[in-house]
Number of protein chains: 2
Amino acid sequence: MKKPDLTDREEKILRSIIETHVRTARPVSSSAVVRKRSVELSSATVRNVMRSLEEKGLISQPHTSAGRVPTDVGYRYYVDNIMQPLTLTESERAEVRGGLQRLTGDDIGSVAAGVSRTISEFARQLAVAVAPPVEGELIEQIRLVSLDGNRVLAVATTRTGQTRSAVLKMREHPSAADLAKAAGLVSEWLTGAPVADIEKKMKDHLGEVGHPLRDVIAGLLAGSPQIFRVRGGERIHYEGARYILSHPEFSDDAAFLGEMFDDEEALAELVRTRAGEGGVTVTIGRENSRKEMKRMSVVVGSYRVGSRFGQMGVIGPTRMRYSRLVGLVDYISEVLDDLLSERR
Amino acid sequence: MKKPDLTDREEKILRSIIETHVRTARPVSSSAVVRKRSVELSSATVRNVMRSLEEKGLISQPHTSAGRVPTDVGYRYYVDNIMQPLTLTESERAEVRGGLQRLTGDDIGSVAAGVSRTISEFARQLAVAVAPPVEGELIEQIRLVSLDGNRVLAVATTRTGQTRSAVLKMREHPSAADLAKAAGLVSEWLTGAPVADIEKKMKDHLGEVGHPLRDVIAGLLAGSPQIFRVRGGERIHYEGARYILSHPEFSDDAAFLGEMFDDEEALAELVRTRAGEGGVTVTIGRENSRKEMKRMSVVVGSYRVGSRFGQMGVIGPTRMRYSRLVGLVDYISEVLDDLLSERR
DNA sequence: TCTTAGCACTCTCATTCAGAGAGTGCTAAG
DNA sequence: CTTAGCACTCTCTGAATGAGAGTGCTAAGA
């Protein structure tokens, strides 16, 4: 997997090429490398080294007489072996932490929204955050509150302290006593069960109860998807469309990006599949599963809520500041783990 | 305002030019008009008419020897005086109505989300829907439900049957009896008051109550923004980014569109400012307040929930099928008024 | 053996030019 | 008032040209 077969000098020159290409967006010539004082060599020698880097597939020429541009393989080598994650400045760290701290009182979906906003702001790239799935959460308790007419508010709390609720429409108006009884009964059945199992459990027990309560519980069963099936929109958040859309190099990909914005599930997939549990993962250009992303890179990290993981990351051109972005995502995931483990 | 100073023949030719331009996206020549059999005339005569239309500012030539293209003024005349809204086919009507019907059980924000999805699907354009503001709603009742630890779920219902809730963190764990008392007291103060006034009202009455209840109510006051200040994300929904982003003519405007997607409030402004109460409004090209939209048109309608209005519409190139889109928005607003007035 | 100066070579990019094609405006006749 | 005919204008395409950038190669120097 590793490719440590570069000499010190080759690494220095690869680094120089990548870093100036990231800044300038144009092919880097041998003389540009010399001007940067990356190495004390003549341009002719640098050219020889560049040729060797090209033979190894790390850089390439757009055409015969242009400078060199890093390939995906070149960026990969840079990310794995050369680059160091950039530490944020003290004031940036304070700002990131402060911004995230303010979120942690909110529900887990809003946290994801805030995370995507924070990442986007500091990265100046499209940012995506996916909240951890609710399916594995364990039910703590179910409560039913009578509203007006036949409407009832169902409230479920989970072991990690999340709360979800929905308004149910019942066939007839249930009495407060019946509601309390039904809630007690259902809580008894479900406490400790994972959210994924609740429909099945309720169905299994439904036969055990008689007339007035049975209607209430049937209503609850009918509405349970509303309570627990989290729509993508609540779990997946993105921010910073303007950054990726303003890249002229992506004007051909605008249609693809539009599809991504419309299909949040697909967007989530990008950060989900590659996010390990802990650590920051970088996916470069053609390494992405979608061929439309051959000129984009994705930097993702994960964060932990209870026993489940959420993911977050940035999407931008392959020509991105990897050291800065890896450092940023890393720091945010550290802060989130810290802040979110505090909640019970 | 009106411009009825076109002859019958001029109108026919303007219509022909606009309708073929909308289809082909290219300048329309005099012979193309003749080929369409819009009028029984030679191309030379059509040319004379086109010259007159050009003098009146309704069409223009991109360059000396090209066909003609409609101007904003031309589209305006077409929309106001020539075009008829296109009625949807029976099966489309059924599909639209069915799709919207399924939504009306949900809360008012989800309805807006569904509306934008429906419009976008049928219009194949970017669609935006804005739910009516909650500020004018009148409070019906406030309930408080004890969760675990110091957390309390506050539930408010309004006169139009909307429900909003939030989890509040109290200083200390309140007893169930105190919660019930506090909820009763607050409901008494607030019932019938508009949402906009609740903070003030609670502050006014807070002095009247003594120790154990006072803490609870202070907690509710502190959390009331969470309950009622609707974040844009819940009110404003858009769908169909792929349609507008895939228009090659907007690849220059991608950065502007990105800003719109990021700033939902700005997007909402587009459909809000122009939406009258009832009826469909069309804003064409430079008529839009934002100069970046000089090549886009907006078709908006409104719908009513209780005494407040929500807005919805489509955003696309000026070269759009106005008759189809006006017909669609009109029908959707009709269906929504119908469906939403049913809820109490 | 490695480095470097020098130079020919290749490719892009911008400019210019010419010819084809599209569509108009004008004129004169019906 | 309408229309046939035609000259005119403008765009678009492709070819030709020259400048500029940057390389690869060779041969000399350390």
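Residue numbers begin at 1 in each chain, while the letters A, B, ... track the order of the sequences. Keep in mind that this is a model prediction, so the values were computed, not measured. Quick note: numbers below take in every heavy atom, side chains included, and nothing from hydrogens, waters or symmetry partners.
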Query raised in the report: Which whole-number value in Å describes the distance from A/E40 CD to C/dC2 C1'?
Result: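 Rounded to whole Å, this separation is 17 Å.
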Protein-nucleotides 17-20 of chain C N/O pairs closer than 3.5 Å?
none

Query raised in the report: Closest approach of B/L88 and B/R93, non-hydrogen atoms and distance?
Result: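 That closest heavy-atom pairing would be O-CD, 3.5 Å.
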Requested in this report: Taking all non-hydrogen atoms of both residues into account, name the closest pair between A/I17 and A/V28 and its distance.
Outcome: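 For A/I17 and A/V28, the tightest heavy-atom pair comes out as O-CG2, 3.6 Å.
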Requested in this report: Write out all pairs satisfying salt bridge (charged side-chain N to carboxylate O under 4.0 Å, His left out) with one or both partners inside residues 16-32 of chain B, taking only residues at least two apart or from two chains.
Outcome: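 Non-adjacent pairs meeting salt bridge (charged side-chain N to carboxylate O under 4.0 Å, His left out): B/R15-B/E19.
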Enumerate donor-acceptor pairs with a distance under 3.5 Å from any side-chain N or O in residues 118-130 of chain B to protein atoms, sequence neighbours excluded.
unit_1, atom_1, unit_2, atom_2, d
B/T118, OG1, B/G114, O, 2.9
B/S120, OG, B/Q125, O, 3.2
B/S120, OG, B/E239, O, 3.4

Report task. Runs of at least three consecutive Watson-Crick or G-U pairs, both distances under 3.5 Å, are what I'm after; which ones involve DNA chain C? Result ->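 Stem list for DNA chain C: C:1-30 with D:1-30.
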Query raised in the report: Using a heavy-atom cut-off of 4.0 Å to chain A, what are the terminal contacting nucleotides of DNA chain D, in 5' to 3' order?
Result: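 Terminal contacting nucleotides, 5' to 3': D/dA21 to D/dC25.
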Query raised in the report: Counting N and O atoms only, with roles assigned by atom type, does the side chain of B/D330 sit under 3.5 Å from a partner on the main chain of B/P85, one being a donor and the other an acceptor?
Result: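 Side chain of B/D330 to backbone of B/P85: no pair is present.
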**Report entry** Main-chain N/O of A/M260 paired to A/D263 side chain as donor or acceptor, under 3.5 Å
**Finding:**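 No, because the side chain of A/D263 does not come within donor-acceptor range (under 3.5 Å) of the backbone of A/M260.
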Query raised in the report: When we call it a touch if two heavy atoms are under 4.0 Å apart, what does A/R26 touch: a base, just sugar-phosphate, or nothing?
Result: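 Since no nucleic acid heavy atom lies under 4.0 Å of A/R26, the category is nothing.
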Quick one: side chains of residues 246-259 of chain B, donor-acceptor pairs under 3.5 Å with protein atoms, not counting sequence neighbours, listed by atom name and distance.
unit_1, atom_1, unit_2, atom_2, d
B/S246, OG, B/R242, O, 2.9
B/S246, OG, B/Y243, O, 3.0
B/S251, OG, B/P248, O, 3.2

Report task. Mind running a 4.0 Å heavy-atom check of residues 42-51 of chain A against DNA chain C and sending the residues that fall below it, in number order? Result ->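 Those residues are A/S42, A/A44, A/T45, A/R47, A/N48.
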**Report entry** OG1-CD distance between B/T45 and B/E40, expressed to the nearest 0.5 angstrom
**Finding:**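 The distance works out to 11.5 Å.
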Query raised in the report: Taking for each residue the nucleotide of DNA chain D bearing the nearest heavy atom, is the 5' side occupied by B/R9 or by B/H63?
Result: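 Final value for this comparison: B/R9.
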Query raised in the report: What pairs with B/Y78 under ring-ring contact (aromatic ring centres under 6.0 Å, His included), at least two apart in sequence or on another chain?
Result: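 With neighbours one apart ignored, the set is empty.
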Query raised in the report: Got a sec, which residues hit salt bridge (charged side-chain N to carboxylate O under 4.0 Å, His left out) with A/R290, two or more places apart in sequence or on another chain?
Result: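 Per chain and number, A/R290 pairs via salt bridge (charged side-chain N to carboxylate O under 4.0 Å, His left out) with A/E292.
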Query - side chain to side chain donor-acceptor pair (under 3.5 Å) pairs, two or more places apart, involving residues 315-327 of chain A - result: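 Matches after skipping sequence neighbours: A/E92-A/R324, A/S297-A/Y322.
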Query - side chain to side chain donor-acceptor pair (under 3.5 Å) pairs, two or more places apart, involving residues 64-73 of chain A - result: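 Those involving residues 64-73 of chain A are A/E54-A/R68.
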Query raised in the report: What pairs with A/S30 under side chain to side chain donor-acceptor pair (under 3.5 Å), at least two apart in sequence or on another chain?
Result: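 Scan of A/S30 (side chain to side chain donor-acceptor pair (under 3.5 Å), adjacent residues dropped) gives A/R47.
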